[in-house]
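Just so we're clear, the structure is a prediction, and the values are computed from it rather than from any experiment. Order of appearance sets the numbers: ligands from 1, and atoms from 1 within every ligand.
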Amino acid sequence: MIRKQIAAANWKMNLSLSQAETLADELMKSEIKLDIHQQVILAVPFPYLTAIHQKVNHHNHFHVSAQNCAATKNGAFTGEVSAEMLRDIDIQYVIIGHSERRAYYHETSDILVEKINLALEYGLKPIFCCGEPLSIREEGTQNEFVAHQLKEGLFHLDAEQMKHFIIAYEPIWAIGTGKTASSDQAQEMHQYIRKVIADQYGHSIADTVSILYGGSVKANNAEDIFSKPDVDGGLVGGASLVASEFSTIINSLKSIIL
Ligand code: PGA
């Protein structure tokens, strides 16, 4: 069973349109080698989705993602963008439950469940984020914390919906801090996440789920982190804004046939 190895860029609320287009152009021009089971996902700000999609669309392994979608289908929700709208402009992925959304926009598990259900209803693939804050890591209860996030956010899904799902484990203490989890810490948590999924859905489903690591992934640590058996690539913030850094990160994806 082959699961996708994925380098996902999370541009967050950065870059002008021309900077964003230049970055996409530079990535397209850089020497990127991708196998059939490796892919790149660029999660870009809403206003740039169409422009960046048009730029990378011809490349089989490149896809564009939104960073969020609304928890409601449509209606009087000023400022929101629905899953259906994203589908209409041919976007295939959406990040759901990033720790910044959970913390700054008070997105609870109930809200995330609504978003995931709408994303799936409209044919989008969610990239579901989980991860513990520093206090929990220091307490040593990170496994329970992450298992709880997975159960609350995902375990209403059936096995078919869970197949080939994408999860990003992003310890909050490592996001934007320059402090990365060691590759062993990442592997330990990823293996645990896969076990939690296997306990619920069985090994054959759990083995299809791509589990990305996020939190200060850089060109100089990606290969070590991605080399771990349960780490299927990364969700990259800061380092994804520099074409040379991100192309090295893409080329650090491991090539495996499971
Ligand atoms: P970072 O962000 O790579 O800048 O730590 C990762 C993320 O928040 O997805």
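- Ligand 1 places these atoms under 4.0 Å from at least one heavy atom of Asn10: 9 (O).
- Counting only N and O atoms by type, the side chains of Ser109 and Glu152 include a donor and acceptor under 3.5 Å apart.
- Partners of His190 under the ring pair (Phe, Tyr, Trp, His ring centres under 6.0 Å) rule, at least two apart in sequence or in another chain, are Tyr169.
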In sequence, state the C-alpha distance, the side-chain angles, and the governing distance for Arg194 and Asp232, and then conclude on salt bridge (charged side-chain N to carboxylate O under 4.0 Å, His left out).
-> CA-CA 11 Å; Arg194 205 175 302 286; Asp232 306 310; 2.9 Å; yes
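- Centroid-to-centroid, the aromatic rings of Phe226 and Tyr213 stay 6.0 Å apart or farther.
- Listed by number with element, the atoms of ligand 1 under 4.0 angstrom from any heavy atom of Ala174 are 5 (O).
- Annotation for ligand 1: atoms under 4.0 Å from non-hydrogen atoms of Leu235 are 6 (C), 9 (O).
- Considering only non-hydrogen protein atoms, atom 9 (O) of ligand 1 sits nearest to Glu170 OE2, 2.7 Å.
- Using a 4.0 angstrom heavy-atom cutoff, Gly215 counts as in contact with ligand 1.
- Grouping the Ile, Leu, Val, Met, Phe, Trp and Tyr side chains by contacts below 4.5 angstrom, directly or via other members, places Val196 with Leu157.
- Within the 3.5 Å criterion, the main-chain N or O of Leu27 finds no donor-acceptor partner in the side chain of Ser247.
- Gln67 and Tyr93 form no side-chain donor-acceptor contact under 3.5 Å, judged by distance and modelled atom types alone.
- Atoms of ligand 1 lying under 4.0 Å from any heavy atom of His98, numbered from 1 in the order shown and given with element: 7 (C), 8 (O), 9 (O).
- Shortest contact from atom 4 (O) of ligand 1 to any protein heavy atom: Gly238 N, 2.9 Å.
- At the shortest separation from atom 3 (O) of ligand 1 among protein heavy atoms lies Gly237 N, 2.8 Å.
- Within the structure, ligand 1 has Gly176 among the residues with a heavy atom less than 4.0 angstrom away.
- Using a 4.5 Å cut-off between side-chain heavy atoms of Ile, Leu, Val, Met, Phe, Trp and Tyr, with links allowed through other members, Ile116 and Val146 fall into the same hydrophobic cluster.
- Taking a cut-off of under 4.0 Å to the non-hydrogen atoms of Ser216, the atoms of ligand 1 that pass are 1 (P), 3 (O), 5 (O).
- In this structure, Lys218 falls outside the shell of residues with a heavy atom less than 4.0 angstrom from ligand 1.
- Residue Ser240 places no heavy atom under 4.0 Å from ligand 1.
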